[in-house]
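Here's the structure, in structure tokens; my notes come after.
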Amino acid sequence: MKTEFIPIDYDYFDFEGRNYIKIIGKTEKDKRICVIDSCDVYFWAILKEKIRQKEIEKLIEKISKIKLDVKGRQTKVEKIQICSKKFMGKEITALKIFATNYKDLHDIADKLGMPEIEKRRGYDLGFISHYIIEKNIVPLCWYKIEGDIIDNTTEFNGIANSFDVDFCIKAENIVPLKKEEFSPKVLAFDIEADEFKIGEGEILMISLVSENFKKVITWKKCKGKEFPDVECVKDEAELLERFAEIVKEISPDFITGYFSDGFDLPYIKSRADKCKIKLNIGVDGSSIKFSKGIMTTSHINGIVHIDLLRFIQTAYSQYMSSETLSLNEVANEFLGERKKEFEFKHSSKISGDEWEKYFEYNLHDSVLTYKLFKKIWPDLLEFSRIMQEPVFDVSRNGMSRNVEDYILHNLSKFNEIPEKRPTYDEIGERRKRGKYEGAFVLGPKAGLYENLSAFDFTSSYGSVIVTYNLSRSTFLEKPEENSYSTEISNKKVYFSKSPGFFPQMLKEIIEKRRIYKDELKKKPDAIKRARSNAFKLLANASYGYQGFFGARYYCEEAAAATASFARRAIKEAMEKTNNAGFSVIYADTDGFAFTLNKNSKQKTLDFLKKLNSELPGIMELELEDFYKRGIWVTTRTGEFGAKKKYALISEEGKLKIRGFETVRRDWCTLAREMQNNVLLMILKEGNEKNALEYIKKIVKEVKERKIDLKKMVIRTQMKKPLSEYKAITPHVIAARKMQEREIPFSAGSLIEYYISETTTGNKSKLIRDKVKLVDENGEYNLEYYLKHQILPAVENILQVFNVDIHVILDGKKQMTLGEF
DNA sequence: GACTGAACTATACC
DNA sequence: ACGGGTATAGTTCAGTC
């Protein structure tokens with residue numbers, strides 16, 4: 001039997017003590033296929049230097065005799081090879097020790113306490129990763145496979161017969177194909193339940209959306225009236241059974257939800273248990289499975305479950321403008337569509353005609369989730385192909401884990417043996433380390449500037465790591481001549497000039513990023529965009545990776561040296577810029593802004609070329625833009641120019657605002673909108689005149705209570721469980737009020753409240769004692785909003801023009817508390 | 001009870 | 001526990017006078 005196939009989901013099982021991989025994939029004819037394969041199982045024993053051949057042979061003989069009987073398995077060392085390998089860039093001799101079962105490698109490694117053995121490595125990758133590396137069967141890439149069909153046979157105790165697939169193949173030969181296109185079958189779903197806590201309320205309805213398929217299943221208010229796309233069942237138990245049936249009927253490659261790892265699937269399972277319903281939706285007939293770490297992960301055998309929220313969190317959130325990652329905001333940003341409006345009520349309080357709206361709301365959530373999946377699919381696909389790990393894992397891993405997967409899957413090009421994961425104690429030690437010196441930030445002189453430009457280092461920290469060869473394996477314990485050297489916390493560190501595998505891999509990542517970015521410019525498509533983006537994210541995360549305590553290739557010295565070399569680079573570039581007749585106004589980490597003075601744009605570009613010709617290695621500066629005007633303000637105390645706070649306007653009139661209250665979600669809408677308008681007026685017009693009139697108008701409206709309470713709402717995130725707060729802040733009070741009223745929230749929720757006028761008898765000076773929830777009756781606190789929201793938002797901006805806003809509004813300087 | 005600096009907290013920048 | 005360090009600023013807490 002021969003067929004083309006694309007691997008989607010990986011699993012493994014043991015048969016007669018050996019490991020077998022089970023890949024669920026699709027054929028070119030869109031048949032679901034199960035591929036069973038195996039690979040060599042081994043790990044490495046790295047030998048100490050200068051061990052003689054005779055001693056090695058003795059050692060091999062000893063190790064060959066190792067037999068284990070653990071957990072009812074009999075494992076033994078089956079074969080040993082002597083290999084010339086590299087570990088941390090150093091040439092070493094290693095024994096490749098083959099054994100029966102991957103899960104026992106750790107136990108065998110524990111038996112290798114012989115003095116000739118320096119280190120044991122390569123037993124902690126997990127069997128699936130080990131298999132992918134060993135056989136090079138990369139997820140979501142096409143292969144041609146040859147092998148016997150084992151359906152209706154007794155192979156592996158007839159395991160194939162229990163899989164709900166079109167056919168099962170025992171692989172004989174697998175070769176890669178050039179083909180790339182793959183459009184999976186996707187099913188999106190969403191549930192509505194009465195209680196927020198998992199399993200505590202009844203599931204009222206479940207919506208399901210796939211290609212040419214949409215449906216709401218419900219057992220509520222179904223009699224009599226007919227609703228489009230709504231299927232009625234008898235009760236919750238039947239609802240759950242119908243859900244399982246439809247999943248099996250549609251038989252998707254992917255099932256997707258939004259926060260479905262932590263909500264929808266756990267809820268469904270919990271209710272199914274209560275109703276005594278078996279949800280045998282896995283291809284092997286198994287139910288939903290959960291693994292609980294810091295976050296719950298929900299797994300269905302053979303159908304890849306993707307929680308879009310998890311992937312968006314790691315891959316996108318950094319670059320998104322949404323203030324929360326709610327489905328509503330994310331769908332709006334990615335698709336330009338919002339959720340339907342529906343006011344939540346307990347089902348017992350929903351009246352007859354409201355149900356139809358509820359059904360529509362529920363269905364639309366699945367529609368949005370389905371569309372989001374389709375939109376994000378190219379990124380999931382490319383992440384999986386580039387990291388070479390199953391899309392299930394890649395969609396949930398953080399960026400440091402993605403960097404690590406990329407490294408582990410590319411080590412063989414360097415003949416490198418993988419480093420082990422740090423132990424619990426090692427992580428503890430690393431975490432105890434204090435901070436090292438990070439980025440350089442130039443404090444600006446507050447003011448309004450005209451005719452500006454900005455330069456940035458492209459993939460700044462990444463190109464520093466490549467240029468100066470900074471990594472664990474190139475770090476030199478002792479000073480060496482002809483090495484890269486810099487000072488970190490009064491200590492000199494040295495890095496070899498002989499290219500290390502980490503910087504080399506990163507160099508390739510940055511090059512690929514450049515190539516795909518160029519290709520994308522020439523002929524845009526979603527896959528190129530995703531590929532370019534994935535390499536960009538990898539490049540940006542690799543600096544953080546080397547400084548991350550959980551990393552296999554952790555190297556504090558490399559991380560600190562990266563920051564150090566980057567500081568040097570930006571300072572040198574700034575100095576040259578000043579010397580060339582420009583004036584640097586501000587700098588942060590890897591970019592700086594300056595006024596052109598008498599230089600033309602062309603001269604600026606020529607100067608950029610000259611700067612670049614003088615930069616070492618792959619370091620490169622690029623033009624960010626030219627700006628008509630820019631404003632920098634002082635800190636609140638008024639002593640210095642504030643860092644990380646400025647606004648620029650491009651020649652096309654586009655604003656670039658950083659750090660101001662406008663971009664902070666924990667300020668009320670009124671203050672943010674007003675500040676944004678003030679900045680726009682000032683930067684457009686070059687003076688404060690109109691802005692001042694505008695501010696006066698707003699203040700008047702506030703005093704006359706003409707402002708909608710909605711614009712006064714303050715949103716603050718709960719960063720931890722309510723009980724863990726030491727300081728009782730306004731948002732803690734708001735959360736306590738929510739708790740009393742049984743409004744659901746948890747760590748991570750945005751808490752909404754406003755500051756109200758004091759009721760009679762409340763003499764407290766604390767702001768928290770004036771906190772009211774949004775739906776609580778009351779009036780906004782005039783004094784608070786003027787003094788704590790409106791004025792602070794514009795005070796420092798006007799100070800640039802030597803205008804004291806207090807004088808303008810009250811005719812006198814700001815009163816001290818004593819004067820009140 | 002007024003005042004002040006430290007502690008706690010959230011959020012942004014790159 | 002699930003990249004890093006740098007920075008601003010608000011509110012409360014705890015101590016002093």
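Every heavy atom of this structure was used, including side-chain atoms; hydrogens, water molecules and symmetry mates were not. Below, chain A is the first sequence line, B the second, and so on; all start at residue 1.
Of the side-chain N and O atoms in A:His788, one or more sit less than 4.0 angstrom from OP1 or OP2 of C:dT11. Residue A:Tyr784 places at least one side-chain N or O closer than 4.0 Å to OP1 or OP2 of C:dT11. Residue A:Tyr725 places at least one side-chain N or O under 4.0 Å from the OP1 or OP2 atom of B:dA10. Checking the phosphate oxygens (OP1, OP2) of C:dG3, no side-chain nitrogen or oxygen of A:Arg431 falls inside 4.0 Å. Contact annotation: A:Lys645 side-chain N/O to C:dA9 OP1/OP2 distance is under 4.0 Å. OP1 or OP2 of B:dC8 lies within a sub-4.0 Å distance of a side-chain N or O belonging to A:Lys726. Contact annotation: A:Arg401 does not reach the phosphate of C:dG3 (side-chain N/O to OP1 or OP2, under 4.0 Å). For the OP1/OP2 pair of B:dA10 and a distance below 4.0 Å, the side-chain nitrogens and oxygens of A:Arg664 include no atom meeting the criterion. Phosphate proximity of B:dG1 to A:Lys765: absent, as no side-chain N or O sits under 4.0 Å from OP1 or OP2. Applying the 4.0 Å criterion to OP1 and OP2 of B:dT11, one finds that A:Gln717 has a side-chain N or O inside that range. For B:dC14, neither phosphate oxygen OP1 nor OP2 lies less than 4.0 angstrom from any side-chain nitrogen or oxygen of A:Thr589. In this model, the phosphate group of C:dG3 is not approached by any side-chain N or O of A:Tyr406 to a distance below 4.0 Å at OP1 or OP2.
Ion pairing between a basic and an acidic side chain is recognised when a charged N comes within 4.0 Å of a carboxylate O; A:Arg715 and A:Glu752 show such pairing. At a threshold of 4.0 Å, the pair A:Arg396-A:Asp307 does not count as salt-bridged, since none of the basic side-chain nitrogens sits closer than that to a carboxylate oxygen. Salt bridge present: A:Lys432 and A:Glu429 bring a charged side-chain N and a carboxylate O closer than 4.0 Å. Using a cutoff of 4.0 Å between basic side-chain nitrogens and carboxylate oxygens, A:Glu661 and A:Arg672 are not scored as salt-bridged. Ionic pairing of A:Glu724 and A:Lys719 is not present here: no N-O contact between side-chain nitrogen and carboxylate oxygen is shorter than 4.0 angstrom.
If you check every strand for non-hydrogen atoms under 4.0 Å, A:Ile294 touches a base. Counting non-hydrogen atoms under 4.0 angstrom, A:Ala541 reaches a base of the nucleic acid. No engagement by A:Tyr586 is indicated, since no non-hydrogen atom pair under 4.0 Å with the nucleic acid exists. Residue A:Phe660 is out of contact with every strand shown, counting any heavy-atom pair closer than 4.0 Å. If you check every strand for non-hydrogen atoms under 4.0 Å, A:Tyr461 touches nothing. Using a 4.0 Å heavy-atom distance criterion, A:Gln546 is classed as making no nucleic acid contact. Using a 4.0 Å heavy-atom criterion, one finds that A:Lys643 contacts the sugar-phosphate atoms exclusively. Using a 4.0 Å heavy-atom cutoff across all strands shown, A:Gln318 reaches at least one base atom of the nucleic acid.
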Decide yes or no on side chain to side chain donor-acceptor pair (under 3.5 Å) for A:Ser532 and A:Arg513, but give the supporting numbers first. CA-CA 5 Å; A:Ser532 153; A:Arg513 147 82 169 153; 2.9 Å; yes
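Nearest-nucleotide assignment on DNA chain C puts the 5′-proximal partner with A:Gly550, out of A:Gly434 and A:Gly550.
Between the side chains of A:Tyr753 and A:Thr716, at least one donor-acceptor pair of N or O atoms lies under 3.5 Å.
For A:Leu766, the listed nucleotide lying nearest its side chain is C:dT12; candidates were C:dT12, C:dG4, B:dC14. Closest to the side chain of A:Val663, from the set C:dG3, B:dC14, B:dA12, is B:dA12. Checking C:dT6, B:dC14, B:dT11 against the side-chain heavy atoms of A:Lys719 singles out B:dT11 as nearest. Nearest nucleotide to the A:Tyr646 side chain, out of C:dG4, B:dT11, B:dC13: B:dC13.
A:Gln675 has its CD atom 13 Å from the P atom of B:dA12, to the nearest Å. Between A:Asp393 atom CG and C:dC2 atom C1' the separation is 14 Å, expressed in whole Å. A straight line from CG of A:Asp456 to C1' of B:dC13 spans 12 Å, rounded to a whole angstrom. Atom CZ in A:Arg552 sits roughly 19 Å away from atom P in C:dA1 (whole-Å rounding). The separation between A:Phe549 atom CZ and C:dC2 atom P is 5 Å, rounded to whole Å. Between A:Glu661 atom CD and C:dA7 atom C1' the separation is 13 Å, expressed in whole Å. The nearest whole Å value for the distance from the CD1 atom in A:Ile767 to the C1' atom in C:dT12 is 9 Å.
Side-chain atoms of A:Arg665 stay outside donor-acceptor range of the base of B:dT11, with no qualifying N/O pair under 3.5 Å.
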